[in-house]
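What follows is a set of notes on a single structure, which appears directly below.
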Amino acid sequence: MASKLKQLQSKASQASQFLSKHGSAYYKQLMDQNKQFVQEPATVEKCNELSKQLFYTRLASLPSRNESLWKEVDHVKNLWKNKQDLHVEQVGIAALFGIECFAWFCAGEIVGRGFTITGYHV
């Protein structure tokens with residue numbers, strides 16, 4: 001256990017040394033590449049205004065997202081009605097998507113329980 005702690009400390013030390021040497025250069029490069037997105041002056045009022053703009057822009061996009069959702073639902077209903085026309089490839093992709101969704105659900109449950117596998121009494 002002590003050897004693992006020493007390894008962890010040395011890795012953390014190496015990482016902090018790397019960041020102290022290269023962190024500011026990376027920051028400068030990142031800011032130069034994205035300077036068109038920086039709002040001047042950077043005040044609390046400007047940040048509040050931008051957050052409101054983001055919130056209301058996302059809120060305004062809800063009707064189009066809702067419309068897209070119902071188009072997708074109608075497409076799935078149409079596929080289900082004509083299931084005899086489905087190809088094995090399409091069924092396989094749908095099955096893999098369902099398995100992926102279930103895996104993400106399980107991962108979320110594990111994270112929600114504090115990274116423990118046990119916890120529910122079934």
Side-chain angles (χ1 to χ4, degrees):
M1 184 68 158
S3 66
K4 294 283 185 187
L5 183 59
K6 287 184 182 183
Q7 285 178 346
L8 183 62
Q9 286 175 338
S10 75
K11 295 277 186 189
S13 174
Q14 289 173 357
S16 67
Q17 288 173 357
F18 180 81
L19 283 175
S20 66
K21 287 181 184 176
H22 303 289
S24 62
Y26 176 72
Y27 174 78
K28 287 178 186 175
Q29 177 189 3
L30 182 69
M31 292 308 292
D32 285 342
Q33 289 174 348
N34 297 298
K35 62 184 168 192
Q36 71 270 17
F37 301 115
V38 176
Q39 294 290 319
E40 293 293 336
T43 62
V44 173
E45 292 81 16
K46 190 66 172 176
C47 291
N48 287 338
E49 179 186 346
L50 290 172
S51 68
K52 283 184 180 180
Q53 285 178 350
L54 176 64
F55 175 76
Y56 287 109
T57 301
R58 297 221 177 191
L59 194 62
S61 72
L62 283 178
S64 63
R65 290 181 184 189
N66 189 27
E67 183 181 325
S68 297
L69 170 71
W70 288 112
K71 283 182 183 177
E72 291 290 329
V73 168
D74 289 339
H75 181 69
V76 170
K77 285 180 182 178
N78 191 22
L79 283 176
W80 188 254
K81 284 180 189 174
N82 301 322
K83 55 187 164 194
Q84 66 274 7
D85 296 338
L86 287 176
H87 300 289
V88 175
E89 180 182 351
Q90 292 172 325
V91 173
I93 290 172
L96 285 175
F97 178 73
I99 291 169
E100 182 183 4
C101 289
F102 180 72
W104 279 112
F105 169 78
C106 291
E109 287 292 313
I110 290 169
V111 169
R113 286 192 303 257
F115 295 98
T116 60
I117 296 175
T118 60
Y120 286 121
H121 302 289
V122 180

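The figures here come from the full heavy-atom set of this structure, side chains too, leaving out hydrogens, waters and symmetry mates. The first residue in the sequence is number 1, and the count goes up from there.
Between N82 and N78, the side chains place a donor N or O and an acceptor N or O closer than 3.5 Å (distance only, hydrogens not considered). A donor and an acceptor atom, one from each side chain of W70 and N66, are located under 3.5 Å apart.
Taking 4.5 Å as the limit, every side-chain heavy atom of F102 sits out of range of all side-chain heavy atoms of I99. Between E67 and L69 the shortest side-chain heavy-atom distance does not fall below 4.5 Å. The shortest side-chain heavy-atom distance between N48 and K52 does not fall under the 4.5 Å cut-off.
In this structure, NZ in K28 is found 14.5 Å from CD in Q33, a value given to the nearest 0.5 Å. Taken from SG in C101 to CG in L96, the straight-line distance is 11.0 Å, to the nearest 0.5 Å. Separation of atoms CD (E72) and NE2 (H75) is listed at 7.0 Å; rounding is to 0.5 Å. Here the CD-NZ distance, from E40 to K46, works out to 10.5 Å after rounding to the nearest 0.5 Å. Atom NZ of K21 is separated from atom OG of S16 by 10.5 Å, given to the nearest 0.5 angstrom.
F55 and L62 fall within the same hydrophobic cluster, where Ile, Leu, Val, Met, Phe, Trp and Tyr residues are linked whenever their side-chain heavy atoms come under 4.5 Å apart, directly or through other members.
A donor-acceptor contact shorter than 3.5 Å is absent between the side chain of S13 and the backbone of Q9.
A search for side chain to side chain contact (heavy atoms under 4.5 Å, CB included) contacts involving L86 returns L79, K83, Q90, V91, not counting sequence neighbours.
Within a 6.0 Å sphere centred on CD of E89, other residues, nucleotides and ligands contribute 12 heavy atoms or fewer.
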Would you please test E109 and R113 for side-chain contact (heavy atoms from CB on, under 4.5 Å) and show each step?
CA-CA 6 Å; E109 287 292 313; R113 286 192 303 257; 4.0 Å; yes

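Applying the ring-ring contact (aromatic ring centres under 6.0 Å, His included) definition to pairs two or more places apart or across chains, those involving residues 11-33 are F18-H22.
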